[in-house]
Amino acid sequence: MAVASKIDRIEAMLKMALGEELLARCPDLAYAVNQSLVRFMRTDATLPQLAAQIDSAVFNAVYTGTGGTMVATLSGGRRVRLTSAFISDLADRLLALAYSTLPVSPSVQEALYDFSREGSFAAMRELIRRFPMDAQERAYYMQVLRENGQEK
């Protein structure tokens with residue numbers, strides 16, 4: 001079984017969140033997100049800066065693609081309003097694709113700790129998944145994720 005490329009994973013995540021119809025109206029969005037993620041590895045930008053950049057790209061594409069209504073039709077015909085909180089969460093999940101491939105190291109761990117303190121649920125999930133921590137700290141992050149409906 002072939003491993004999906006990063007662009008394929010980005011596109012799949014966008015399609016699931018925004019719907020196929022809206023994504024078709026924003027054909028460059030997956031490439032713009034991928035370009036931001038690739039550039040991030042080559043700059044001294046911080047995770048919060050990259051998150052803001054991705055959030056802005058997604059918001060602008062959704063605004064343009066919906067004609068300003070911010071309503072998308074998902075598979076099965078269900079219509080949803082794409083709020084700023086929804087878009088920020090999607091940007092956070094997209095950003096996780098960038099640091100999920102970084103090596104387990106103290107500097108990466110510290111960056112994820114800092115970003116999780118700023119509210120990144122994806123950073124919290126990544127810390128739990130890949131980095132060593134004591135049981136109390138792990139339980140705390142799991143509780144925060146559970147209370148915010150962010151286990152996955």
Side-chain angles (χ1 to χ4, degrees), residues 1-43 45-104 108-109 111-131 138 140-152:
M1 177 182 244
V3 176
S5 69
K6 187 185 295 183
I7 192 77
D8 290 337
R9 292 189 321 237
I10 292 168
E11 204 164 65
M13 194 179 292
L14 289 169
K15 190 179 292 184
M16 187 171 69
L18 304 176
E20 207 167 322
E21 182 182 308
L22 177 55
L23 193 56
R25 284 189 247 131
C26 309
D28 297 333
L29 180 57
Y31 296 101
V33 169
N34 186 57
Q35 189 174 34
S36 293
L37 295 177
V38 169
R39 270 197 226 137
F40 170 69
M41 304 303 187
R42 299 181 186 135
T43 69
T46 64
L47 289 172
Q49 290 168 332
L50 180 59
Q53 183 179 0
I54 293 172
D55 187 285
S56 180
V58 172
F59 177 86
N60 290 336
V62 167
Y63 185 83
T64 302
T66 63
T69 66
M70 302 301 282
V71 174
T73 303
L74 303 181
S75 62
R78 186 170 64 102
R79 294 174 53 86
V80 295
R81 178 162 303 281
L82 303 173
T83 64
S84 59
F86 177 89
I87 290 172
S88 292
D89 183 60
L90 177 58
D92 188 41
R93 291 172 186 275
L94 289 163
L95 179 59
L97 296 173
Y99 49 76
S100 67
T101 59
L102 295 175
V104 173
V108 172
Q109 186 173 18
L112 290 174
Y113 274 129
D114 290 346
F115 197 40
S116 72
R117 284 186 209 94
E118 293 190 28
S120 171
F121 296 121
M124 291 178 198
R125 286 189 296 274
E126 192 69 14
L127 284 165
I128 290 170
R129 187 174 73 83
R130 292 184 42 212
F131 291 86
R138 183 175 305 280
Y140 167 75
Y141 279 117
M142 290 174 71
Q143 178 181 349
V144 169
L145 291 170
R146 191 173 33 259
E147 287 175 357
N148 288 282
Q150 292 284 332
E151 296 94 338
K152 290 187 178 196

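Index from 1, following the sequence. Hydrogens, waters and symmetry mates play no part in the numbers below; they use all other heavy atoms, side chains included.
Cys26 and Ala61 get closest at one heavy-atom pair: SG-O, 3.2 Å. Minimum heavy-atom separation, Tyr113 to Ser116: O-OG, 2.8 Å. When every heavy atom of Ser36 is checked against every heavy atom of Ile54, the shortest pair comes out as CB-CG1, 4.2 Å.
Rounded to the nearest 0.5 Å, atoms CZ (Phe86) and CG (Leu90) are 6.0 Å apart. The CD1 atom of Ile10 sits 9.0 Å away from atom CG of Leu29, with the distance rounded to the nearest 0.5 Å. Glu118 contributes atom CD, which lies 9.0 Å from atom CG of Leu47 (distance to the nearest 0.5 angstrom). Interatomic distance, CE of Met142 versus CE of Met124, reported as 13.0 Å (0.5 Å rounding). Rounding to the nearest 0.5 Å gives a distance of 8.5 Å between CD of Glu126 and CG of Leu102. Note that CG of Asp8 and CG of Asn34 are 10.0 Å apart. Values are rounded to the nearest 0.5 Å.
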Using atom types as modelled, flag every donor-acceptor pair under 3.5 Å from a side chain in residues 91-98 to any protein atom, sequence neighbours excluded.
residue, atom, partner, partner atom, Å
Asp92, OD1, Ser120, OG, 2.5
Asp92, OD2, Ser120, OG, 3.4
Asp92, OD2, Phe121, N, 3.1
Asp92, OD2, Ala122, N, 2.9
Arg93, NE, Asp89, OD2, 2.9
Arg93, NH1, Lys152, O, 2.6
Arg93, NH2, Gln150, OE1, 2.9
Arg93, NH2, Lys152, O, 2.9

Without placing hydrogens or testing angles, list every side-chain donor-acceptor pair under 3.5 Å for residues 11-25, not counting sequence neighbours.
residue, atom, partner, partner atom, Å
Glu21, OE2, Arg25, NH2, 2.6
Arg25, NH1, Gly65, O, 2.4

Show the atom names and distances, to 0.1 Å, of all donor-acceptor pairs under 3.5 Å that link a side chain in residues 68-81 to residues at least two apart or in another chain.
residue, atom, partner, partner atom, Å
Thr69, OG1, Thr66, O, 3.0
Thr69, OG1, Val71, N, 3.3
Arg81, NH1, Thr69, O, 2.8

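Side chain of Thr64 to backbone of Asn60: a donor-acceptor contact under 3.5 angstrom is found. The main-chain N or O of Glu151 is never found under 3.5 Å from a side-chain atom of Arg125 such that the two would form a donor-acceptor pair. Judged by distance alone, the side chain of Asn148 and the main-chain N or O of Val144 form a donor-acceptor pair under 3.5 Å.
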Val104/Gln109 under side-chain contact (heavy atoms from CB on, under 4.5 Å): CA gap, chis, key distance, verdict: CA-CA 7 Å; Val104 173; Gln109 186 173 18; over 6 Å; no
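Applying the 6.0 Å contact sphere to OH of Tyr63 captures no more than 12 heavy atoms from other residues, nucleotides or ligands.
With hydrogens and angles left out, the side-chain atoms of Gln49 and Gln53 include no donor and acceptor closer than 3.5 Å.
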